[in-house]
Each structure stands twice: as C-alpha cells, then as structure tokens.
Amino acid sequence: MLTNLFITAGAEWTAWGMTVTDWVALLTFLGTIIGLLIGAIKLIDSLRNAIDDLNQTVKEMNEANNRRDADYRKLSEHLAKHDRAFIKDEERIAELFRLIRNGGSNNGKH
C-alpha cells in the first residue's frame, strides 16, 4: 500500500505539469545556484577587502615617497648652500695664494 502511494505520487502531476521528482530536481538546482551566489558574494567581499588593503598600502607608500622627496629637497638645498660656501672658500684661498705669490700685493685690487 505504501509503495503504491510513492509510485502514484511520483507519477502524478503536481503543479505546472511537473512531478515530485521534477520539483526535487528543480529545488536542488535552485539550492545549488543560491549556494554559488553566496560563495560568489563572499569571494567578492574578500576581494573588496584585499583591494581596500592594497589601496591603503599604496596611499602609505605615496606618503612615504612624498616625505622622502621633501627630505631629498632639504638635503639638496643644504648641499647647495655648502657648495656655494665651498666655492667662496676656494676663491678666497686662491686669492690668498695670489697674494702670497705676489708678495702681498693684489695688483691694485682691494
């Protein structure tokens, strides 16, 4: 009797022309699709978090590069100042050597 019930249930049309077996297959398929969508949403969320972390790292690197560039500019200005002072010192040393070679006379230059 119970076996006849299952055979009858499997063979009769339940809704929209589909049997119980068709409905089980459809629900299994829809469950699989929903599971895949949930997995895809989790993957997209993980990728979004990774991209946010990457953007933060790039931002920190840009800030570090800007600080390095500012330090480089300061150092370049400082070295340029020392270069100008060195050139002036070299000119004064050359002038002193000329004075020594000329016996203390600078040929009328003051």
Side-chain angles (χ1 to χ4, degrees):
M1 172 95 177
L2 191 60
T3 307
N4 283 341
L5 180 63
F6 286 124
I7 292 172
T8 305
E12 75 183 37
W13 300 96
T14 55
W16 293 316
M18 296 193 314
T19 63
V20 173
T21 307
D22 294 335
W23 279 106
V24 170
L26 179 65
L27 291 175
T28 303
F29 177 73
L30 291 176
T32 303
I33 295 296
I34 290 171
L36 289 173
L37 287 174
I38 290 171
I41 289 170
K42 287 181 179 179
L43 177 66
I44 290 169
D45 189 49
S46 296
L47 288 174
R48 185 179 50 84
N49 289 338
I51 289 171
D52 288 344
D53 291 344
L54 181 62
N55 284 336
Q56 183 63 32
T57 301
V58 168
K59 184 178 179 181
E60 290 170 358
M61 288 177 62
N62 284 337
E63 290 171 357
N65 285 343
N66 290 339
R67 286 191 301 272
R68 184 205 59 214
D69 291 346
D71 290 344
Y72 181 78
R73 275 191 300 277
K74 287 179 186 176
L75 181 62
S76 295
E77 292 168 2
H78 185 74
L79 290 175
K81 188 186 338 179
H82 280 282
D83 285 346
R84 289 188 297 272
F86 180 77
I87 291 170
K88 287 181 183 177
D89 289 344
E90 288 290 319
E91 289 172 353
R92 289 193 340 217
I93 291 171
E95 180 64 29
L96 288 175
F97 277 127
R98 276 195 300 274
L99 286 173
I100 291 171
R101 272 189 254 128
N102 292 336
S105 169
N106 61 3
N107 296 329
K109 296 180 183 174
H110 292 61

Kindly indicate whether the side chain of Asp89, heavy atoms from C-beta on, has any atom under 4.5 Å from the side chain of Arg92.
yes
When rounded to the nearest 0.5 angstrom, what distance separates CG in Leu99 from CD in Glu95?
4.5 Å
Which residues satisfy the side chain to side chain contact (heavy atoms under 4.5 Å, CB included) test with Arg73, sequence neighbours excluded?
Asp69, Ala70
Lys88 bridged to Glu91 by N-O distance under 4.0 Å
no
Counting distance only, does the side-chain N/O of Asp45 pair as donor-acceptor with the main-chain N or O of Ile41 below 3.5 Å?
no
As an exercise, state the distance from CG of Leu79 to CZ of Arg84, rounded to the nearest 0.5 Å.
10.5 Å
Quick one: pull up CG in Asp53 and CZ in Arg48 and give me the separation to the nearest 0.5 Å.
10.5 Å
Asn55 side, atom CG; Glu60 side, atom CD - distance, nearest 0.5 Å:
11.0 Å
So, Asn49 and Ser46: side-chain donor and acceptor under 3.5 Å apart, yes or no?
no
Same cluster (ILVMFWY, side-chain, under 4.5 Å), Leu30 and Trp23
yes
Atom pair CE/CZ of Met61 and Arg68 - distance to nearest 0.5 Å:
9.5 Å
What distance do Ile33 atom CD1 and Ile38 atom CD1 have between them, rounded to the nearest 0.5 Å?
12.0 Å
Flag yes if Phe29 and Leu37 sit in one hydrophobic cluster, no otherwise; membership is Ile, Leu, Val, Met, Phe, Trp, Tyr, and two members link when side-chain heavy atoms are under 4.5 Å apart.
yes
With the side chain counted from C-beta on, respond yes when Asp22 and Leu26 share a heavy-atom pair under 4.5 Å apart, and no when they do not.
no
Are any of the side-chain heavy atoms of His78 and Lys74 separated by less than 4.5 Å?
no
